[in-house]
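Below is one structure, written out as structure tokens, with a few remarks after it.
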Amino acid sequence: MDDILMLLEWLRPEECFAHLNPDTRLMEDLHLSSCEGLGLVAMLESLYGRSFGWEWEINTLGDMLDYLAAQGVEVSP
């Protein structure tokens with residue numbers, strides 16, 4: 001999850017994301033805009049050097065971690 005937190009801090013350098021956990025909802029709790037969501041996806045794909053299908057519904061950070069794990073990406077919770 002550290003990678004995701006680092007990317008979120010890059011998207012919004014004025015915010016602190018230290019309080020986030022796997023239950024944090026991306027849209028409701030973080031208020032990610034659609035542009036920020038796309039930016040996060042692009043940065044994750046760039047970071048891991050591959051494209052993902054994103055065929056799952058991803059609502060929380062935990063959903064994102066589970067999806068990445070299912071794609072073979074090792075991400076610590």
Side-chain angles (χ1 to χ4, degrees):
M1 188 151 95
D2 291 340
D3 290 341
I4 295 171
L5 295 179
M6 174 191 64
L7 297 175
L8 288 170
E9 288 170 356
W10 189 87
L11 279 172
R12 291 193 190 155
E14 69 281 357
E15 289 187 40
C16 175
F17 294 102
H19 66 284
L20 301 184
N21 63 62
D23 294 325
T24 302
R25 296 171 299 174
L26 299 171
M27 299 302 187
E28 295 87 350
D29 298 333
L30 297 180
H31 304 288
L32 288 183
S33 69
S34 56
C35 278
E36 290 169 327
L38 288 173
L40 182 59
V41 164
M43 288 188 294
L44 285 167
E45 290 182 346
S46 177
L47 180 66
Y48 297 120
R50 56 187 285 204
S51 295
F52 301 105
W54 301 104
E55 55 276 336
W56 290 8
E57 184 173 333
I58 297 174
N59 296 308
T60 65
L61 286 175
D63 293 342
M64 184 173 286
L65 293 172
D66 291 344
Y67 176 78
L68 292 171
Q71 300 303 308
V73 174
E74 290 186 36
V75 180
S76 60

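Numbers here simply count residues along the sequence, with the first being 1. Being a predicted model, the structure only gives us computed values, none of them experimental.
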Can you measure from CE (Met1) to CG (Leu8) and round to the nearest 0.5 angstrom?
->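 Between Met1 CE and Leu8 CG, I get 9.5 Å after rounding to 0.5 Å.
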Looking only at heavy atoms, what is the nearest atom pair of Met64 and Leu26, with distance?
-> CE-CD1, 4.0 Å
Which pair of non-hydrogen atoms, one from Tyr67 and one from Gly53, has the smallest distance, and what is that distance?
->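 Taking every non-hydrogen atom into account, OH-N, 3.2 Å.
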Please name all residues satisfying salt bridge (Lys or Arg N to Asp or Glu O under 4.0 Å) with Asp29, sequence neighbours left out, ordered by chain then number.
->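 Partners of Asp29 by the salt bridge (Lys or Arg N to Asp or Glu O under 4.0 Å) criterion, ordered by chain and then number, come out as Arg25.
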Report the residues that fulfil salt bridge (Lys or Arg N to Asp or Glu O under 4.0 Å) with Glu15, sequence neighbours left out, ordered by chain and then residue number.
->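 If we apply the salt bridge (Lys or Arg N to Asp or Glu O under 4.0 Å) test to Glu15, skipping adjacent residues, the hits are Arg12.
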Consider only side-chain heavy atoms of I, L, V, M, F, W and Y, link residues closer than 4.5 Å, and tell whether Met6 and Leu38 are in one cluster.
-> no
Is there a path from Leu47 to Phe52 through hydrophobic residues (I, L, V, M, F, W, Y) whose side chains come within less than 4.5 Å of each other?
-> yes
How would you list, by chain and number, every residue that makes a side chain to side chain contact (heavy atoms under 4.5 Å, CB included) with Val41, sequence neighbours excluded?
->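 Val41 satisfies side chain to side chain contact (heavy atoms under 4.5 Å, CB included) with Glu45, Trp54 once adjacent residues are dropped.
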Step-by-step side-chain contact (heavy atoms from CB on, under 4.5 Å) determination, Glu36 to Leu30 | CA-CA 10 Å; Glu36 290 169 327; Leu30 297 180; over 6 Å; no
Which residues satisfy the side chain to side chain donor-acceptor pair (under 3.5 Å) test with [X], sequence neighbours excluded?
{"X": "Glu28", "value": "none"}
{"X": "Asn59", "value": "Glu57"}
{"X": "Asp3", "value": "Tyr48"}

So do the side chains of [X] and [Y] get within less than 4.5 Å of each other, counting heavy atoms only?
{"X": "Phe17", "Y": "Ile4", "value": "no"}
{"X": "Asp23", "Y": "Thr60", "value": "no"}
{"X": "Val73", "Y": "Leu44", "value": "no"}

